[in-house]
Amino acid sequence: MEVNPKKYLSIKEAAVAYRVSRTKIHRLVKSGAVRSADDPRDDRITLVNVDDLDSRFHGETVMDMNSAATLVGVATADKLDRMTAIRTGGRAGVGSDSTEILRAERESRSSELDARSAGAIHSEDGDGR
């Protein structure tokens, strides 16, 4: 089946364009309210009909379809700024590998929570409760 790319969006792209969850789009497809087709380039991707989505959401897209397609899976400026801050945050022994960065952040938060928990236990013992 030949799929016109302007008439179909992936579920992720549709969710971004119409500002709804991917789950909502999946439910609409499953119920038959929105027509769908398999992506001829990748059988793991389901494409949904833009005309059906427009009629369902009264054409109230937040952005044009091309913008929605480019935003899916792209890091925003805010996300990039946060990752740069983490990378250059002066943490000793932490490289620029994202796995190392995330592991260090997780360990930092865990030790902070452990310290808070230990403080709460000691304060309860001191009150005699």
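The closest side-chain heavy-atom distance from Y18 to L53 is below 4.5 Å. In this structure the side chain of Y8 never reaches within 4.5 angstrom of the side chain of V50, judged on heavy atoms. Side-chain atoms of I25 and V20, non-hydrogen and from C-beta on, do get closer than 4.5 Å to each other.
A distance of 7.5 Å separates CD1 of I11 from OG of S36, quoted to the nearest 0.5 Å. Here OG1 of T23 is found 11.0 Å from CG of L28. Values are rounded to the nearest 0.5 Å. Taken to the nearest 0.5 Å, the OG atom of S108 stands 14.5 Å off from the CZ atom of R103. A distance of 6.0 Å separates CG of N49 from NZ of K7, quoted to the nearest 0.5 Å. The OG1 atom of T46 sits 5.5 Å away from the CG atom of D38 when rounded to the nearest 0.5 Å. Here the straight-line distance linking atom NZ of K24 with atom CZ of R19 works out to 14.5 Å at 0.5 Å rounding.
Remark: side-chain polar atoms of S31 are paired, donor with acceptor, to backbone N or O of R27 under 3.5 angstrom. A donor-acceptor pair under 3.5 Å is formed between the side chain of E13 and the backbone N or O of S10.
Smallest separation of non-hydrogen atoms from D39 and L47: CA-CD1, 3.8 Å. Closest of all the heavy-atom pairs between A15 and S21 is CB-C, 4.0 Å. Scanning both residues, D52 and R35, for their nearest heavy atoms gives OD2-N, 2.7 Å.
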